[in-house]
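Written out below as structure tokens is the structure these notes cover.
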Amino acid sequence: MDIKFVKADKLKEKPDPSTLGFGKLFTDYMFIMDWTKEEGWKDARIVPFDYIPIHPASTVLHYGSEIFEGLKAYRRADGRVQMFRPIENIRRMNNSAERLCLPQIPEDMALEIYTKFVDLEKDWTPSAEGTSLYLRPFMFGNDESLGVHAVHNATFMIIASPVGSYYKEGINPVKIMIEDEDVRAVRGGTGYAKCGGNYAASNRAGERAEQKGFSQVLWLDGVERKYIEEVGAMNVMFKIGDEIVTPKLTGSILPGITRKSCIEVLKKEGYTVNERLLSVDELEKAMDDGTLVEAWGCGTAAVVSPIGELCYKDKKFTVNGGKIGEITQHLYDTLTGIQWGKVEDTFGWTYMIG
Ligand code: PLP
Ligand code: COI
């Protein structure tokens, strides 16, 4: 496809990798293309990273028509740069688009865009341990009118940010509070879609949890407030006795690509992994009788993140003595090993740039 390129007058200085947090700095360029119902996708361009003009009546500003993705490009030990399962992000974005009545992007077109953009910005992929280039594709409805209806104009963009770890704890265990008041999503709603509104709705509980010293909240289902769903920016997994349990995808949970990858790794290695309903009562019982051996979260930004403390209705439980567990460490090592090109990718998940 034809992507117009507008060269920046001056390129930015690359940051010191030891100072990278999450999503605070951006690369030199951004990708943009527009869509209209009549013409489809058009005007694909890579331009210097900058503010974008937006009409004050734009759909996204009033009715929240926005979806996004998150994936990373990694600097391998041999110096080359690769993405991790980009096709999964492309497919998930199309599912999100379908739910939000935004336009879909053909898979081969999206992959070409991701590849060309990362190739241009690959020098921004840091090489220090645990760092990567976080890619944030996003799309929003951009009609310049206040009527509420499926959008007729949309914009798709990609921005990129060199990142370190998402949590200030790094790979150290995080403290998570089980939220029993607010809910994030309900079946039939937008929980499975990666849309901005889900995150806006979760901020109040997240803020309350942070004030109490927790990193994020663990959501319960929106109908009975009984079943474990996921954490603010990651899916969750538990080792209870010999079983590894992760909440099944009922429609209100984001189908995480890291979750899928963890399940595939564990199943290949012969572990018992069950995607099923897990009630908070069952989890509480497992915490009380000591059968909850490990708990961890998994997501692109969070990677594999041990959960060292869980709090439910002001009752605090320490998981695995507050230390990273064996399976959590193993998953972290395996996934990051594949992502940074240190472990052979027997799954065919990595996608080399250039
Ligand atoms: N759940 C939520 C709410 C998320 O924001 C994320 C992050 O993208 C995940 C789960 C994990 O998904 P993935 O592994 O695809 O990054
Ligand atoms: C990601 O892991 O890519 C996410 O999108 C999480 C994010 C909300 C920070």
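Every number for a ligand or one of its atoms is a count from 1 in the order of the listing. What's counted below: heavy atoms across the whole structure, side chains too, no hydrogens, waters or symmetry copies.
Taking 4.0 Å as the cut-off between side-chain N and carboxylate O, Arg276 and Glu282 count as a salt-bridged pair.
Contact residues for ligand 2 (protein heavy atom closer than 4.0 angstrom to any ligand atom): Phe22, Phe68, Gly70, Tyr134, Arg136, Tyr166, Lys194, Tyr199, Ala233, Thr300, Ala301. A distance limit of 4.0 angstrom between heavy atoms and ligand 1 selects the residues Arg92, Arg184, Lys194, Tyr199, Glu230, Val231, Gly232, Ala233, Met234, Asn235, Leu254, Gly256, Ile257, Thr258, Cys298, Gly299, Thr300.
Between the Glu181 side chain and the Ala205 main chain, no donor and acceptor come within less than 3.5 Å of each other.
Tyr192 and Tyr199 fall into different hydrophobic clusters, where Ile, Leu, Val, Met, Phe, Trp and Tyr residues are linked whenever their side-chain heavy atoms come under 4.5 Å apart, directly or through other members.
Within 6.0 Å of CD in Glu344 there are 12 or fewer heavy atoms belonging to other residues, nucleotides or ligands. Shown here is Arg204, whose CZ atom has no more than 12 heavy atoms of other residues, nucleotides or ligands within 6.0 Å.
Both tests do not hold together for Lys239 against Tyr271: distance to the six-membered ring centre under 6.0 Å, angle to the ring axis within 45°.
Less than 6.0 angstrom separates the ring centroid of Phe26 from the ring centroid of Phe49. The distance between the ring centers of Phe317 and Tyr312 does not fall below 6.0 angstrom.
Residues Lys122 and Asp119 share a closest heavy-atom pair of NZ-OD1, 2.7 Å.
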